[in-house]
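These notes are about the structure you will find just below.
This is a predicted model, so every value here is computed, not measured.
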Amino acid sequence: MYSSVHAAAGINEQISFQGKVVNADGTNVANGSYTFVFSLYTVSSGGSNVWTESKSVTVTDGIFQTNLGDTTTLP
C-alpha cells in the first residue's frame, strides 16, 4: 500500500520579527506608528549591507511585530 505525499503550495519567504522599543529611561515609547529601517549585513560588525527595508510599524505598549521581507523581498 502506498501513501500519497503532498508538498505545500509555497514557501513563506518572510521572517516574523518582534521587538520592544523603550525610551532612554527604560519606559515604553508612546503608542503609535513609527518608521523603522531593518537591515541585514554580511557579518556582525562592519561588513556589507545585503538587504534593507523601511516601513511604518504600529507600536503598542512598546511592543511591535512585523514580517521582514513583505515590503522588500529578502535575498
Side-chain angles (χ1 to χ4, degrees):
M1 175 179 238
Y2 294 99
S3 297
S4 294
V5 177
H6 301 281
I11 296 172
N12 183 1
E13 296 182 359
Q14 300 174 3
I15 299 170
S16 179
F17 186 78
Q18 298 177 43
K20 182 168 185 175
V21 186
V22 296
N23 296 306
D25 64 3
T27 59
N28 296 338
V29 298
N31 291 349
S33 183
Y34 294 85
T35 298
F36 286 79
V37 177
F38 301 94
S39 297
L40 297 177
Y41 288 82
T42 57
V43 293
S44 61
S45 180
S48 300
N49 177 333
V50 295
W51 173 86
T52 297
E53 179 172 85
S54 179
K55 62 169 81 179
S56 181
V57 177
T58 300
V59 176
T60 305
D61 298 329
I63 305 293
F64 69 91
Q65 187 283 327
T66 189
N67 290 322
L68 303 180
D70 66 349
T71 302
T72 302
T73 303
L74 289 163

Tell me which one of T52, L68, I15 satisfies side chain to side chain contact (heavy atoms under 4.5 Å, CB included) with F38.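 Option passing the side chain to side chain contact (heavy atoms under 4.5 Å, CB included) with F38: L68.
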Measure across [X] and [Y] and return the closest heavy-atom pair with its distance rounded to 0.1 Å.
| X | Y | result |
| --- | --- | --- |
| N49 | S39 | ND2-OG, 3.7 Å |
| N31 | G62 | OD1-N, 4.5 Å |
| L74 | G69 | CG-CA, 3.8 Å |
| S16 | Q65 | OG-NE2, 3.2 Å |

Between the side chain of [X] and the main-chain N/O of [Y], is any donor-acceptor distance below 3.5 Å?
| X | Y | answer |
| --- | --- | --- |
| N23 | D25 | no |
| W51 | T72 | yes |
| S48 | T42 | no |

For the atom pair [atom1] ([X]) and [atom2] ([Y]), what is the distance rounded to the nearest 0.5 Å?
| X | Y | atom1 | atom2 | answer |
| --- | --- | --- | --- | --- |
| N67 | Q18 | CG | CD | 10.0 Å |
| Y34 | F64 | OH | CZ | 12.0 Å |
| L40 | E53 | CG | CD | 9.5 Å |

Can you get from I63 to V29 by hopping between Ile, Leu, Val, Met, Phe, Trp and Tyr side chains that sit under 4.5 Å apart?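 Each belongs to a different hydrophobic cluster.
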Would you mind reporting whether K20 and N28 have side-chain heavy atoms less than 4.5 Å apart? yes
